[in-house]
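Structure first, then comments.
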Amino acid sequence: MIKMPESTEDVVVKLLRLANTKLPADVGWALEAAAGWESDPTAYSQLGAIMDNSRKAEFLGRPMCQDTGLPVFYVRGKFDSSLAGEISRGLARATQEIPLRPNTVDPITRENHGDNLGGGMPIIHYKPTDDPFTEISVLPKGAGSENMTRLGMLDPAEGVEGVKRFAVDAVLDAGGRPCPPGIVGIGIGGTSDLCVAMAKEALLRPVDVPNEDPALDRLEQDIFVALNSSGLGPMGLGGSTTVLGVRIRSAYCHTASLPVAVNISCWATRRATARITAEGVEYHQGAAP
Ligand code: SF4
């Protein structure tokens with residue numbers, strides 16, 4: 001029997017199904033580890049409910065949260081201009097087939113086409129390379145956590161301590177609204193727009209993959225300890241597990257600037273990647289570049 005190759009549209013449907021129904025292994029392990037060290041009974045029961053919910057979602061093949069988010073796509077490798085159309089068609093089909101909640105609306109009229117498309121949608125970040133593959137990653141982002149995004153244009157004199165203070169304050173001010181414990185993505189440097197984009201892209205790195213930059217790795221650990229010592233806890237109801245990880249991306253910036261952005265993800269940190277080669281398609285939920 002001849003095996004028909006999957007179309008990119010089919011790959012996008014599968015990718016969205018995987019991301020929405022199966023928690024990435026590193027997030028699952030981090031939740032289990034957190035339950036092991038929690039001594040607060042409310043925090044322990046919240047973590048138990050989260051893990052129970054995600055196991056049921058995977059078993060039943062249903063989305064793990066009613067807010068299936070806005071999917072943010074990252075494309076890397078070789079591709080042509082037809083890719084955007086394939087991703088859009090895959091997203092519209094996935095909205096019907098999985099199903100996904102139709103979340104996208106016109107920002108003024110609040111009109112909803114019911115297919116998660118519309119002006120400017122879907123969001124796709126492109127990175128063309130000479131690699132012999134096309135890699136598509138998706139990060140469905142719920143509004144509860146996305147609405148807590150913050151950008152600060154700090155005075156460079158505030159330095160690392162200023163960055164740390166800004167990030168910790170952003171998460172603590174958000175409280176239980178982004179459904180903690182999740183992952184805190186932080187962008188440092190660049191321009192204001194690049195900084196916010198880096199904060200979100202940072203969420204693609206699993207919590208068990210350390211930052212390659214030793215200074216940023218130390219800063220991630222410092223912010224992680226500060227947040228988990230705060231007592232905010234799961235769902236903001238108290239406990240030792242406010243975050244499962246802190247992920248930082250940085251870029252050079254103007255000598256007179258120090259941009260910092262915080263993009264929080266909830267416990268339902270959803271991500272999946274498909275690598276398309278001439279031989280077929282590989283799916284995973286680990287590190288995306
Ligand atoms: S913040 Fe996350 S877990 Fe909470 S409702 Fe939104 S998508 Fe669901």
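Whatever order the structure lists them in is the order used to number ligands and atoms, beginning at 1. Since we're looking at a predicted model, the values are computed, not measured.
In this structure the side chain of Val243 never reaches within 4.5 angstrom of the side chain of Ile183, judged on heavy atoms. Looking at heavy atoms from C-beta onward, Leu117 lies out of side-chain contact with Thr104 at the 4.5 angstrom threshold.
Ring orientation note: the planes of His125 and Tyr74 are close to parallel, at an angle under 30° on the 30°/60° scale.
For ligand 1, the atoms lying closer than 4.0 Å to a non-hydrogen atom of Arg270 are 7 (S).
At distances below 3.5 Å, not a single donor-acceptor pair connects side-chain atoms of Glu146 with backbone N or O atoms of Lys141.
Under the side-chain contact (heavy atoms from CB on, under 4.5 Å) criterion, Leu237 pairs with Thr42, Gln46, Met235, sequence neighbours left out.
Here 1 is the count of protein N, O or S atoms positioned under 2.8 Å from atom 2 (Fe) of ligand 1, waters not counted.
No continuous path of ILVMFWY side-chain contacts below 4.5 Å connects Leu139 to Ile124, so the two sit in separate hydrophobic clusters.
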